[in-house]
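Structure record follows, encoded as structure tokens.
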Amino acid sequence: MGALCEMAWNQGIDLYGEDDNRFLKGAEYVARYNLGADVPFTRLTFQQGAPGVWSGTVDDVTPSASGRGDLRPIWAMIENHYVNRRGLPAPNTSAMAAKLAPEGGGGDHGPNSGGFDQLGFGTLAFTRDKAAAPVQPPAPQGSPAGAATASASGSPSPTAGPAKDGGQAPGLASTGSDGLLGLTGAGLRAIGGGVPALRVRARRKGAHRA
């Protein structure tokens with residue numbers, strides 16, 4: 001979730017703040033749970049099994065202890081956004097980020113797949129100074145029409161203008177979602193055109209060796 005929100009933020013879309021910072025509330029709940037503190041919980045009763053072969057009824061009256069306390073290198077990026085960029089309190093998220101710093105990856109957090117899910121660059125990339133004022137997302141730039149015009153005229157693909165307060169430097173990360181779709185389409189077409197050429201080259205190489 002954090003990675004998706006960060007990518008969207010760099011494209012001028014504030015998923016972090018969607019629905020009154022709903023992601024922050026979820027992150028705070030998960031962090032508090034894994035720190036071992038009490039969390040609000042609604043009793044849940046359900047039937048276990050499949051229709052016609054129910055094996056019984058499960059009545060969950062407390063949060064499950066399964067997996068509680070798991071540590072994953074995901075918290076530095078989330079804390080950086082809400083606390084440093086936006087100036088919002090996130091005490092549980094901050095506590096998890098501090099507990100994991102410096103983040104590691106590549107099996108540092110378990111031998112199974114979960115230990116390799118993150119690269120562990122959070123401390124390096126997202127340990128930033130707190131902004132003097134809340135930072136706004138960069139404005140989306142570019143459009144399909146603009147991309148088509150630039151392509152037809154032979155001029156470079158549209159990029160963002162000079163960085164403004166809280167903005168991003170020029171480049172793909174500053175483009176809007178529409179511009180990104182145009183660039184992605186162009187890239188796919190280029191890849192598609194290159195595949196036959198690679199195949200021909202491989203055949204010629206094989207014939208030469210024979």
Side-chain angles (χ1 to χ4, degrees), residues 1-41 62-140 160 163-177 180 183-184 187:
M1 286 289 293
L4 291 172
C5 288
E6 186 68 19
M7 286 189 286
W9 174 270
N10 288 334
Q11 297 174 33
I13 303 168
D14 187 10
L15 294 184
Y16 278 118
E18 181 69 20
D19 196 13
D20 192 27
N21 298 308
R22 188 177 184 88
F23 177 48
L24 171 60
K25 296 168 185 175
E28 279 290 282
Y29 184 96
V30 172
R32 181 178 174 84
Y33 168 83
N34 283 308
L35 287 167
D38 291 335
V39 292
F41 182 80
T62 60
S64 172
S66 177
R68 190 167 201 174
D70 279 356
L71 300 177
R72 294 287 183 264
I74 61 174
W75 298 98
M77 179 168 59
I78 302 171
E79 184 201 22
N80 178 65
H81 176 81
Y82 288 112
V83 177
N84 297 334
R85 278 184 186 146
R86 303 295 295 151
L88 298 172
N92 298 303
T93 298
S94 294
M96 285 294 284
K99 190 178 182 73
L100 279 156
E103 287 185 354
D108 289 348
H109 299 281
N112 301 318
S113 61
F116 295 84
D117 284 345
Q118 288 83 26
L119 297 177
F121 294 154
T123 304
L124 175 65
F126 295 100
T127 302
R128 311 288 181 88
D129 293 333
K130 188 172 183 178
V135 178
Q136 301 300 322
K164 299 179 181 178
D165 293 343
Q168 299 289 318
L172 181 58
S174 298
T175 62
S177 56
L180 182 64
L183 291 169
T184 303

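The chain is numbered in sequence order, starting from 1. Quick note: numbers below take in every heavy atom, side chains included, and nothing from hydrogens, waters or symmetry partners.
Contact of the Asn84 side chain with the Phe126 side chain is not registered, since no non-hydrogen atoms from C-beta on lie closer than 4.5 Å. Arg86 places none of its side-chain heavy atoms less than 4.5 Å from the side chain of Lys130. Counting heavy atoms from C-beta outward, Val135 and His81 have side chains that stay 4.5 Å or more apart. Put simply, the side chain of Ile78 does not reach to within 4.5 Å of the side chain of Met96, judged on heavy atoms. Residues Met7 and Leu4 have side chains in contact (heavy-atom distance under 4.5 Å, counting atoms from C-beta outward).
A salt bridge links Glu6 with Arg85; the closest basic N to acidic carboxylate O contact falls under 4.0 Å.
The closest side-chain donor-acceptor pair between Ser94 and Glu79 falls under 3.5 angstrom.
Applying the salt bridge (charged side-chain N to carboxylate O under 4.0 Å, His left out) rule to pairs touching residues 20-35 yields Asp19-Arg22, Asp20-Lys25, sequence neighbours excluded.
A donor-acceptor pair is defined here as one N or O able to donate and one able to accept, closer than 3.5 Å; such a pair exists between the side chain of Asp108 and the backbone of Gly105. With hydrogens and angles ignored, the 3.5 Å screen pairs a side-chain donor or acceptor of Asp14 with a backbone N or O of Gly17.
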- Task: Take Arg68 and Tyr33 through the test side-chain contact (heavy atoms from CB on, under 4.5 Å) and record every step on the way to the result.
- Result: CA-CA 7 Å; Arg68 190 167 201 174; Tyr33 168 83; 3.4 Å; yes
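Atom CG of Leu24 is separated from atom CG of Asn92 by 10.0 Å, given to the nearest 0.5 angstrom. Note that the CE atom of Met77 and the CH2 atom of Trp9 stand 13.5 Å from one another [nearest 0.5 Å]. To the nearest 0.5 Å, atoms CG (Asn34) and OH (Tyr29) are separated by 10.5 Å.
Residues passing the ring-ring contact (aromatic ring centres under 6.0 Å, His included) test with Tyr82 are Tyr16, sequence neighbours excluded.
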